[in-house]
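Read the structure below first, then the notes.
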Amino acid sequence: MKDSRGYRAFRVLNVVVLSLVVVVTMYPFLNILAQSLSDETAINAGRVNVVPRGFNLDTYEVVMGDRAFWRGYANTVLYTVVGTAISMFLTTCFAYAVSRKHLKGRTFFITFAVFTMFFNGGLIPNYVLVTSLGLNNTLWAIVLPNAVSVFNLLVMKTFFEAMPEELEEAAAMDGLNTYGILLRIVLPLSKAVLATMTLFYAVTHWNAWFQAFLYLDRADMFPVTIYLRNMIAGVTTATSMEASTESAGQVAANIQSVTMVLTVLPIVMVYPFIQKYFVSGVMLGSVKQ
């Protein structure tokens, strides 16, 4: 069937608009990357756009030689791995339970979860709660307070609800209990949504800084995002990083750009491996037949 003239015009317009969106979205990232690789003179003169001017790696050497940076990286990896594992475990269990229509009190649990999506106790009650539990300056203060995202919970619940009930009935007739059905039938068929939710949680934990800023007083426990925050706020300077006199100006010129690039690089490198699950994982749980 031949496309109509209006449909062809729509496709051309769609390509143009989406191309502009890509350009607008990519420009800040390319600009930060170019500044991180540019010379001090070009940066101060405002001549850096998306192409590096006066290629320079001095700041990368200074930042990567700072022990506080690598200590923050190790802490961030720990918080991300542990936090994502806890979040996925709790979200999967909760979502599967409330997706079963025969569960008593199902409506109450769903309503309770959705209620917390719009209303919460606020900053001070949360701080008092975490402090009273003795979680300050511990890993648990970072990974437990926001362990379950209600949005992710609802997407996963809808995905589980869309699965054919005949699969679980057949598994039950073969002798599997509820846990066996979840582990051996449901989860293997849910790789797309599990990969997508894992990416959501991992990005959230990797980028989180406010909870660490609020609940951690020990510098050796700070994540790399606190390191980045200190760079942006000017708390850490080239002098405190033991930069040489010759390179102090260069470090001061693009220290923030270099730190941003090194901070986001790992999570950006993980994304291509999960991208194939990303769209299908969200869409499969968003439409109910």
Side-chain angles (χ1 to χ4, degrees), residues 66-98 103 105-106 108-157 179 182-183 187 194 197-236 240-241 259 262-264 266-267 270:
D66 187 6
R67 293 183 180 180
F69 174 76
W70 292 112
R71 185 168 57 242
Y73 241 118
N75 291 335
T76 297
V77 171
L78 176 63
Y79 299 154
T80 301
V81 172
V82 176
T84 303
I86 292 175
S87 296
M88 286 301 299
F89 175 78
L90 295 177
T91 304
T92 302
C93 292
F94 197 161
Y96 181 70
V98 297
L103 175 69
R106 174 174 178 265
F108 168 78
F109 290 115
I110 296 175
T111 304
F112 181 80
V114 173
F115 181 83
T116 63
M117 191 175 184
F118 301 100
F119 303 96
N120 61 72
L123 178 61
I124 296 178
N126 285 335
Y127 181 82
V128 172
L129 176 62
V130 172
T131 303
S132 63
L133 292 175
L135 299 180
N136 283 23
N137 291 314
T138 66
L139 164 69
W140 311 115
I142 307 300
V143 301
L144 289 183
N146 296 317
V148 177
S149 166
V150 179
F151 172 80
N152 295 347
L153 170 68
L154 296 178
V155 171
M156 192 174 290
K157 177 189 78 72
Y179 301 103
L182 174 62
L183 295 175
L187 294 185
L194 291 176
M197 295 302 107
T198 299
L199 177 64
F200 284 173
Y201 277 123
V203 171
T204 299
H205 286 292
W206 185 273
N207 293 331
W209 70 274
F210 186 68
Q211 285 182 296
F213 181 76
L214 195 63
Y215 300 126
L216 301 181
D217 298 325
R218 293 169 47 188
D220 62 326
M221 295 189 67
F222 287 167
V224 73
T225 46
I226 293 294
Y227 185 93
L228 173 60
R229 180 258 174 196
N230 290 341
M231 288 294 178
I232 295 175
V235 177
T236 304
S240 64
M241 296 175 64
T259 309
L262 292 176
T263 300
V264 304
I267 203 69
V270 170

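All values below come from the heavy atoms of this structure, side chains included, with hydrogens, waters and symmetry mates left out. Each residue takes its place number in the sequence, starting with 1. A quick note: this is a predicted structure, and the numbers were derived from the prediction, not measured.
- Partners of W140 according to the ring pair (Phe, Tyr, Trp, His ring centres under 6.0 Å) rule, which considers only residues two or more places apart in sequence or in another chain, do not exist here.
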Can you give me every donor-acceptor pair (side chain of residues 210-223, partner residue at least two apart or in another chain, under 3.5 Å) with its distance?
unit_1: R218; atom_1: NE; unit_2: D220; atom_2: OD1; d: 3.2
unit_1: R218; atom_1: NH2; unit_2: D220; atom_2: OD2; d: 2.8

Determine, stepwise, if the pair L154 / V114 fulfils side chain to side chain contact (heavy atoms under 4.5 Å, CB included).
-> CA-CA 9 Å; L154 296 178; V114 173; 4.3 Å; yes
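- In this structure S87 satisfies the side chain to side chain donor-acceptor pair (under 3.5 Å) test together with H205, sequence neighbours excluded.
- Residues L194 and M156 approach most closely at CD2-CE, 4.0 Å, considering heavy atoms.
- In this structure, T225 contributes its side chain and A208 its backbone to a donor-acceptor pair below 3.5 Å.
- The shortest heavy-atom contact between L153 and A113 is CD2-CB, 3.8 Å.
- Here the shortest heavy-atom pairing between P266 and T263 reads CD-O, 3.6 Å.
- Applying the salt bridge (Lys or Arg N to Asp or Glu O under 4.0 Å) test to residues at least two apart or on different chains, none of the pairs has a partner in residues 76-93.
- Looking at residues two or more places apart in sequence or on another chain, you find a side chain to side chain donor-acceptor pair (under 3.5 Å) between T91 and Y201.
- N75 is not listed as a side-chain neighbour of I226, based on a closest heavy-atom distance of 4.5 Å or more.
- Atom CZ of F69 is separated from atom OG1 of T259 by 7.0 Å, given to the nearest 0.5 angstrom.
- Considering CG of N207 and CD1 of I267, their distance stands at 7.0 Å, rounded to 0.5 Å.
- Between A147 and I86 the shortest heavy-atom distance is CB-CG2, 4.3 Å.
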Show the atom names and distances, to 0.1 Å, of all donor-acceptor pairs under 3.5 Å that link a side chain in residues 119-130 to residues at least two apart or in another chain.
unit_1: N120; atom_1: OD1; unit_2: G122; atom_2: N; d: 2.9
unit_1: N126; atom_1: ND2; unit_2: G122; atom_2: O; d: 3.0

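- Checked against side-chain contact (heavy atoms from CB on, under 4.5 Å), V81 has the following partners two or more places apart in sequence or in another chain: V77.
- Within the structure, side chain to side chain donor-acceptor pair (under 3.5 Å) pairs that include any residue of residues 142-152 do not occur (at least two apart or interchain).
- Atoms OG1 and CZ, from T111 and R106 in turn, are 10.0 Å apart once rounded to the nearest 0.5 Å.
- With sequence neighbours excluded, the residues forming a ring pair (Phe, Tyr, Trp, His ring centres under 6.0 Å) with Y96 are F160, listed by chain and number.
- Scanning both residues, F151 and F200, for their nearest heavy atoms gives CE2-CE1, 4.1 Å.
- Distance check: L139 CG to L144 CG gives 7.5 Å after rounding to the nearest 0.5 Å.
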